[in-house]
Amino acid sequence: MSTTVADESPVETSTPDRAPRPRAWNWLALGLTVAVFAVLAWNRRWMSDDGLIVLRTVRQILAGNGPVFNAGERVESNTSTLWTYLLVAFGWIPGLRLEWLAVVLGLLCAAGGLLLALDGTRRLTGSTLVAPAGALVLIALPPFRDFATSGLETGLITLWLGTTWWLLVRHARRTPACPVWVTALVIGLGVLVRPDLALFSAFAGAGLLILEWRGWRPALLWLAAAAALPVAYQIFRMGYYGLLTPNTALVKEASDALWDHGWDYLTDFATPYYLWIPLVLCALLGAVVLWRTPIDRAMAVVVAVPLLGGITLALYVIRVGGDFMHGRMLLPALFSLMLPVMVVRLTKTTVLPVIALGIWAIIAGTWLRAGYTTADKPMDQVRRIADERASYVAASHHEHPILAEDFDEFTAVTGPLNAILAARPEPAVFVQTEQGEWHHYPTTNGRTISSFYNIGGPGMLLPLDIWVHDPIGLANPIAAHTTPLPGRRIGHNKYAPSAWEVAVQARETPLELSRYGDFNPDTIDAIRGIFACPPNREMLDSVQAPLTLARFRHNLLHAAGRTSLRYDHEPRNAQHCN
C-alpha cells in the first residue's frame, strides 16, 4: 500500500461508522508533536505567585483546616476547584514538594490533553496519513508553553478540552469509549475546571444530546449526570463561603463589560505573533478538508461544538477586559478553535499550507515575541499586561523559579516576620511601613494578620495559622467587596491597604502610624463606620464566624445579596450607618 501524497483521496478508506485503525506513522506524528511540546514546555518550567496561592489552600486542606487560604476564614481564593483537589489527591505523598507537584502535574495534564485532542481529530479525519496543523499553532506560542507549568490550572483546562473533544468524536464515529452518561459527567466538569468553561460545556452538552438523541427521558438523565457535581459544589460554595462565585470573581468584577480593555488584551496576544497568518491557513485547511469529505449530521455537529465554544470563550474574555497575564485567558479559546484541524489529511492540496504553518511555527517559536516579554522589561506599561514568567524570573534571579524560597522578594519580607513570630507575641495585625519597620497591634479576634501585595509566596513561607491578606482582595474579603479603582490593571483594580485591617481587626488605633496617609485617624474612623453597617458586618461573619448548621443555612440563603455587596474603596465616600 502506497503512502505517498499522490492525490486527494485518503490512502485507506473507512466506513462511516468505524474510525480507521491507528497506523505507525500517525502515532509517530502525534507522539513527536506531543514530545516536542513537552520538551519545550519543560524548558520553560516555572511557578507563579498565583500558583503558590493555590498551593497554600492545598496545604490547609492537607492540614485539616478545610478548603481555605487562611485557617478560620472561609474565602475561596482559587478559581479552579478541580485543580485544587487534583493537587490534594497527590499532595499527601511524604517528602513531595507541592511546587514540584503542581509544575509536573500541570505539564502532564497539558501533554495528555494535547495527545487526546490530536487523536480525536485523527479519528475524525478518517485518513491513514495525517500531519499536525492546529497543534503547530499552539506549540509555537510562548504563552501556551509557559502556562503548561506555572502552578495554575491551564494544563488541566487543556486536558479537559482535549478529553471532551475526544469523547465527542468517539460518539460521532459511533465508537464511544464510555456510556453517554459518563461523557455527560465529564462535560459537566467544565465549570469546576474554571467557571467560564461552562460556556464550552453548554455547546458540548448540546452536541452530545444531538449525537445520541434517544428521547427526553434519557436526555434528562444525561443532563442530571452533567449537573450533579457542579450543583452539589455550588450548594457547598454558597453555604460554606457565602457567595455565588469564587472570591476571585468579585475581585475581578467578572460581570462587568470592559470591551476596550478586552480588545487591547486580544491585540496584545495576536499582534506580536502575526496570529492572523496561522488562523487563515488553518481556516483554509479546514475548508479543504470539509470540501473533500462527505459531511453528515454527526460530523457537522462535532465540528460546530469547538468552533462555537471557542468563539464564545473568546468573546467572554474580551467582554470582561481580558487579564493582566499575556495571552493566558485566551489560550482555551484558541485551543478550542484549533481542535477540528489539530491534524489534517495530507494530500496534494493540504501539503503546502501545512508546510507554511510549519515555517510560521518555527519563526514564531524562535523569534517572535511581544516587545515587553523579557526579564528587564516584563510589562507593557500602557496596557498594564505582564509577561508573568519574565517577571518572576527577574524577581527570583532563577531561570526556573519553582520553590517559594527561590523568590528573593518573598524571603526578604517573610524572614524578618518569621523571626518576630518566633518570639510568640500576642495575636496582632502586623504592618510594615515603607521604611521597612514592623509594627503590630493586638487583634479583637485572636488572630495574627499581615498584608502582602503578593500573597502566594508569603502564604507558603509563613505558618498556616497566620492570616495572610492581600490589599487587592484575592484572599481578603474586606478588599474583595470594595468598588474598583479606575486606571489599574485588570485583576488588580481593588485596593484596601493595611489600614483597613487595623481599623477592622485591631483593638486600638495606632497613633504612631498617623503620619502615614492610609492611617489617618479620620480614615480609620471611616472604615470602622463602614463595618458598623449590619450588611457589611454580616459579610465578615459569613466567612469568620464558626461554621454551624445555622450559619451554613444563612450563608446559603443570602449568598446572592452578599455577592452583590459593595462599599466605596475610598472610606470617607462610603455610605455609613447611623
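Contact of the V104 side chain with the R45 side chain is not registered, since no non-hydrogen atoms from C-beta on lie closer than 4.5 Å. Side-chain atoms of I385 and F269, non-hydrogen and from C-beta on, never get closer than 4.5 Å to each other. Side-chain contact between L197 and V191 is absent, with no heavy atoms from C-beta onward closer than 4.5 Å. Between E73 and P477 the shortest side-chain heavy-atom distance falls below 4.5 Å. Side-chain contact between N555 and R551: present, with at least one pair of heavy atoms (C-beta onward) separated by less than 4.5 Å. Under the 4.5 Å side-chain criterion, counting only non-hydrogen atoms from C-beta, L98 is not in contact with L87. Side-chain contact between V180 and P218 is absent, with no heavy-atom pair separated by less than 4.5 Å. You'll find the side chain of R562 reaches within 4.5 Å of the side chain of H554, heavy atoms only.
Closest approach of G322 and I490 over heavy atoms only: O-CG2, 3.6 Å. Considering all non-hydrogen atoms of both residues, G310 and A333 come closest at O-CB, 3.4 Å. Shortest non-hydrogen contact noted between S255 and R319 is O-NH1, 3.2 Å. Taking all atoms of both residues into account, the shortest heavy-atom contact from I402 to M47 is O-CB, 3.3 Å. Scanning both residues, I455 and A475, for their nearest heavy atoms gives CD1-CB, 3.7 Å. The two residues A356 and L281 make their nearest non-hydrogen contact at CB-CD1, 3.9 Å.
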Verdict with supporting geometry, F144 and T158, side chain to side chain contact (heavy atoms under 4.5 Å, CB included): CA-CA 10 Å; F144 188 71; T158 301; 4.0 Å; yes
Audit row: W83, V193, side chain to side chain contact (heavy atoms under 4.5 Å, CB included) steps and yes/no: CA-CA 7 Å; W83 178 237; V193 176; over 6 Å; no
Residues L339, V305; criterion side chain to side chain contact (heavy atoms under 4.5 Å, CB included); working and verdict: CA-CA 10 Å; L339 284 171; V305 166; over 6 Å; no
Derivation and outcome, side chain to side chain contact (heavy atoms under 4.5 Å, CB included), residues M338 and C282: CA-CA 8 Å; M338 293 296 103; C282 286; 3.8 Å; yes
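Taken from CG in D146 to CG in L152, the straight-line distance is 11.5 Å, to the nearest 0.5 Å. Rounded to the nearest 0.5 Å, atoms CZ (F147) and CD1 (I157) are 11.0 Å apart. S150 contributes atom OG, which lies 5.0 Å from atom CH2 of W46 (distance to the nearest 0.5 angstrom). Interatomic distance, Q234 CD to L192 CG, rounded to the nearest 0.5 Å: 9.5 Å. Going from atom CG of L330 over to atom CD1 of I318 covers 6.5 Å, rounded to the nearest 0.5 Å. Note that CG of L346 is 5.0 Å distant from CG of L129, once rounded to the nearest 0.5 Å.
Checking each of T57, L52, I53 against L55 for a side-chain contact (heavy atoms from CB on, under 4.5 Å) leaves exactly one that passes, namely L52. L30 pairs in a side-chain contact (heavy atoms from CB on, under 4.5 Å) with only one of the listed residues (L114, L118, T121), which is L118.
Remark: side-chain polar atoms of T350 are paired, donor with acceptor, to backbone N or O of T347 under 3.5 angstrom. Between the side chain of D323 and the main chain of M325, a donor-acceptor pair closer than 3.5 Å is present. Under a 3.5 Å cut-off, the side chain of T125 and the backbone N or O of V344 do not form any donor-acceptor pair. Side chain of E76 to backbone of Y241: no donor-acceptor contact under 3.5 angstrom is found. For R170 (side chain) and C178 (main-chain N/O), no donor-acceptor pair under 3.5 Å exists by modelled atom type. Checked by atom type and distance alone, the side chain of R122 never pairs as donor or acceptor with a backbone atom of W27 at under 3.5 Å. A donor-acceptor distance shorter than 3.5 angstrom exists from the side chain of R74 to the backbone of S542, with no hydrogens or angles considered. A donor-acceptor contact shorter than 3.5 Å links the side chain of Y265 to the backbone of M329. Of the possible polar contacts, one joining the R145 side chain to the I139 backbone as a donor-acceptor pair under 3.5 Å is found. Formation of a donor-acceptor pair under 3.5 Å by the T175 side chain with backbone atoms of H171 is not found in this model.
Using a 3.5 Å distance cut-off with no hydrogens or angles, the side chains of D119 and W166 do pair a donor with an acceptor. Between the side chains of T79 and T248, at least one donor N or O lies within less than 3.5 Å of an accepting N or O.
Electrostatic pairing of E153 and R328 counts as a salt bridge here, judged by a charged N lying under 4.0 Å from a carboxylate O.
Not counting sequence neighbours, the partners of W263 by the side chain to side chain contact (heavy atoms under 4.5 Å, CB included) test are L266, T267.
Around atom CD1 of I93, more than 12 heavy atoms belonging to other residues, nucleotides or ligands sit under 6.0 Å away. Annotation: R553, atom CZ; neighbour count of heavy atoms from other residues, nucleotides and ligands within 6.0 Å does not exceed 12. Annotation for Y274: atom OH does not count as buried by contact number, only 12 or fewer foreign heavy atoms lying within 6.0 Å.
The side-chain tip of R56 points at the ring of F69 from less than 6.0 angstrom away and within 45° of straight on. A cation-pi contact, defined as under 6.0 Å to the ring centre and within 45° of the axis, is absent between R44 and W42. Cation-pi geometry between R194 and W160 is not met: the NZ or CZ atom fails to fall both under 6.0 Å from the ring centre and inside 45° of the normal.
Ring orientation note: the planes of W216 and W213 are nearly perpendicular, at an angle over 60° on the 30°/60° scale.
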